[in-house]
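Report on the structure given below.
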Amino acid sequence: AGLEAFFESTLRGLPETVLVEVNARGQGVRKTISSPREKGSDLYLTIDSRMQKNLENFLAARLAEKKLKKAAAVVLDPSNGEVLALVSLPAFNPLDFQVGEAEQINKLFQDLDQPLFPRAIAGVYPSGSTIKPILALAALEQGLIRPQDRVLSTGGLQVGQWFFPDWKEGGHGLVNLFDALAWSVNTYFYMVGGGYNRQVGLGLSGIQKYFDSFRLGKKTKVELPNESPGFYPTPEAVGKRASSWYIGDTYNLSIGQGELGVTPLQVALMMSAFANGGTLFKPMIVSRILDVKGQTRVSPPE
């Protein structure tokens, strides 16, 4: 279900071809090998086995500490998009499908914690505050706010009968862009996302434009099957229910809540673009492919 499925045709190679000469009674009298078996290509992975194991152990320990069972983690090299570790817990041993008993295999399918589910690439979750750097970038590029401009956070925003809170009771006081990112100030991102009083916001279309640029709502094209694209409210989806889209929906979207779902891999890819200065790589798990003739084919980023 993983790399072996994705690269099945590359790994399989070519079978041996045998011609059988038969007599009038249909009995084979002579065999001739017309073409020998040809081994498939070899894959060289970007996965760092020691990092992979350490991450699995770290994550398992954190889950045990918090008395939880499910988690996912991704480690990327931001300079080229190489996936160094990719973990989904709970996990399973692939050998169970080769040598395991039917009862043991059935337990894997029936387990409510879904050990067969690849959470790191297919699990879709609210992004939470990880999305806030995108809003900050968008507001700066659109000239809506300068890094030094300060916004007053008193605990949230009141819009009619609705209140949109900061995570800190009483607020954070006067904050600029750097403070807002460091302290994850909801009020700041409500304002730059949806606007408030004289502060002009990006609005839904502006937010959507930047989500698109970071490939949110789209598959990353990682070399694994069953990847989820995640989702966010597209113009088409909102258009069908425009009368029920409120400023509060835009506020929630601005802090990574509401109608926004991302995969752990998408978040890692998004943050790597900020880490490397603005390049959004295609994530790679296969660094090169060596064919039977010893020729190397690189699996290139896009």
Side-chain angles (χ1 to χ4, degrees), residues 74-83 120-147 149 176-178 180-182 184-186 188-195 199-224 227-240 242 245 247 249-285 299-302:
V74 180
V75 179
L76 288 180
D77 182 340
S79 69
N80 55 20
E82 290 186 350
V83 179
I121 65 166
V124 178
Y125 313 100
S127 71
S129 295
T130 61
I131 211 73
K132 289 176 179 175
I134 294 181
L135 272 292
L137 170 67
L140 288 173
E141 285 198 344
Q142 296 302 311
L144 301 181
I145 201 163
R146 297 172 300 174
D149 290 343
N176 60 25
L177 174 66
F178 307 105
L181 285 170
S184 192
V185 181
N186 286 348
Y188 187 96
F189 293 98
Y190 292 146
M191 289 186 177
V192 299
Q199 174 61 54
V200 177
L202 292 160
L204 180 58
S205 61
I207 295 173
Q208 290 166 333
K209 172 186 174 183
Y210 281 85
F211 282 178
D212 280 342
S213 69
F214 280 86
R215 297 185 193 162
L216 301 187
K218 300 179 179 66
K219 293 182 178 181
T220 68
K221 299 183 181 179
V222 68
E223 300 143 321
L224 290 170
E227 182 186 13
S228 171
F231 60 87
Y232 71 87
T234 62
E236 294 76 21
V238 173
K240 293 177 182 178
W245 182 269
I247 185 62
D249 296 311
T250 304
Y251 282 167
N252 285 332
L253 196 60
S254 301
I255 62 168
Q257 301 294 337
E259 296 187 36
L260 175 65
V262 296
T263 67
L265 178 59
Q266 285 177 330
V267 174
L269 194 66
M270 173 191 77
M271 294 309 297
S272 72
F274 285 101
N276 67 31
T279 301
L280 195 70
F281 288 103
K282 172 184 176 292
M284 289 190 297
I285 292 183
S299 182
E302 290 184 355

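Checked against side chain to side chain donor-acceptor pair (under 3.5 Å), Ser127 has no partners two or more places apart in sequence or in another chain. With sequence neighbours left out, the ring-ring contact (aromatic ring centres under 6.0 Å, His included) criterion links Tyr251 to Phe164, Tyr190. Here Lys209 pairs with nothing under the salt bridge (Lys or Arg N to Asp or Glu O under 4.0 Å) rule; sequence neighbours left out. A search for side chain to side chain donor-acceptor pair (under 3.5 Å) contacts involving Asp77 returns Ser79, not counting sequence neighbours. Every ring-ring contact (aromatic ring centres under 6.0 Å, His included) that Phe274 has, sequence neighbours left out, goes to Phe214.
A pairwise comparison of heavy atoms in Ala122 and Ser228 identifies O-CB, 3.6 Å as the closest pair. Closest approach of Gln266 and Pro229 over heavy atoms only: NE2-O, 2.9 Å. Leu135 approaches Gly193 most closely through the heavy-atom pair CD1-CA, 4.0 Å. Across all their heavy atoms, Gly194 and Ser254 have their closest contact at N-OG, 4.0 Å. Taking all atoms of both residues into account, the shortest heavy-atom contact from Val192 to Ala139 is CB-CB, 4.0 Å.
When atom types are taken as modelled, the side chain of Lys282 and the backbone of Lys221 share a donor-acceptor pair closer than 3.5 angstrom. Proximity of a side-chain donor or acceptor of Gln199 to a complementary backbone N or O of Leu144 within less than 3.5 Å is detected.
Once rounded to the nearest 0.5 Å, the distance linking CG of Leu260 with CZ of Phe211 reads 5.0 Å. Interatomic distance, Leu265 CG to Ile285 CD1, rounded to the nearest 0.5 Å: 8.0 Å. Rounding to the nearest 0.5 Å places CG of Asp212 at 4.0 Å from NZ of Lys218. Taking CG of Leu280 as the reference point, atom CG of Leu269 lies at 4.5 Å (rounded to 0.5 Å). Ile134 CD1 to Leu202 CG: the interatomic distance, rounded to the nearest 0.5 Å, is 11.5 Å. Distance CG/Leu140 to CZ/Arg146: 11.5 Å, rounded to 0.5 Å.
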Report the C-alpha distance between Asn252 and Glu259 in whole Å, list the side-chain angles of each, state the deciding distance to 0.1 Å, and finish with yes or no for side-chain contact (heavy atoms from CB on, under 4.5 Å).
-> CA-CA 8 Å; Asn252 285 332; Glu259 296 187 36; over 6 Å; no
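With 3.5 Å as the limit, one finds no donor-acceptor pair spanning the side chains of Glu227 and Thr263.
For the side chain to side chain donor-acceptor pair (under 3.5 Å) condition, the pairs that include at least one residue of residues 130-145, sequence neighbours left out, are Ser129-Lys132, Lys132-Ser184, Lys132-Asn186, Glu141-Tyr210, Gln142-Tyr210.
Under the 4.5 Å side-chain criterion, counting only non-hydrogen atoms from C-beta, Ile145 is not in contact with Leu177. A 4.5 Å side-chain heavy-atom check between Tyr125 and Val267 finds every atom pair outside the cut-off. Proximity of Thr220 to Phe281: side-chain heavy atoms (C-beta onward) are nowhere separated by under 4.5 Å. Contact of the Leu181 side chain with the Phe189 side chain is registered, since non-hydrogen atoms from C-beta on lie closer than 4.5 Å. Ile131 places a side-chain heavy atom less than 4.5 Å from the side chain of Leu216.
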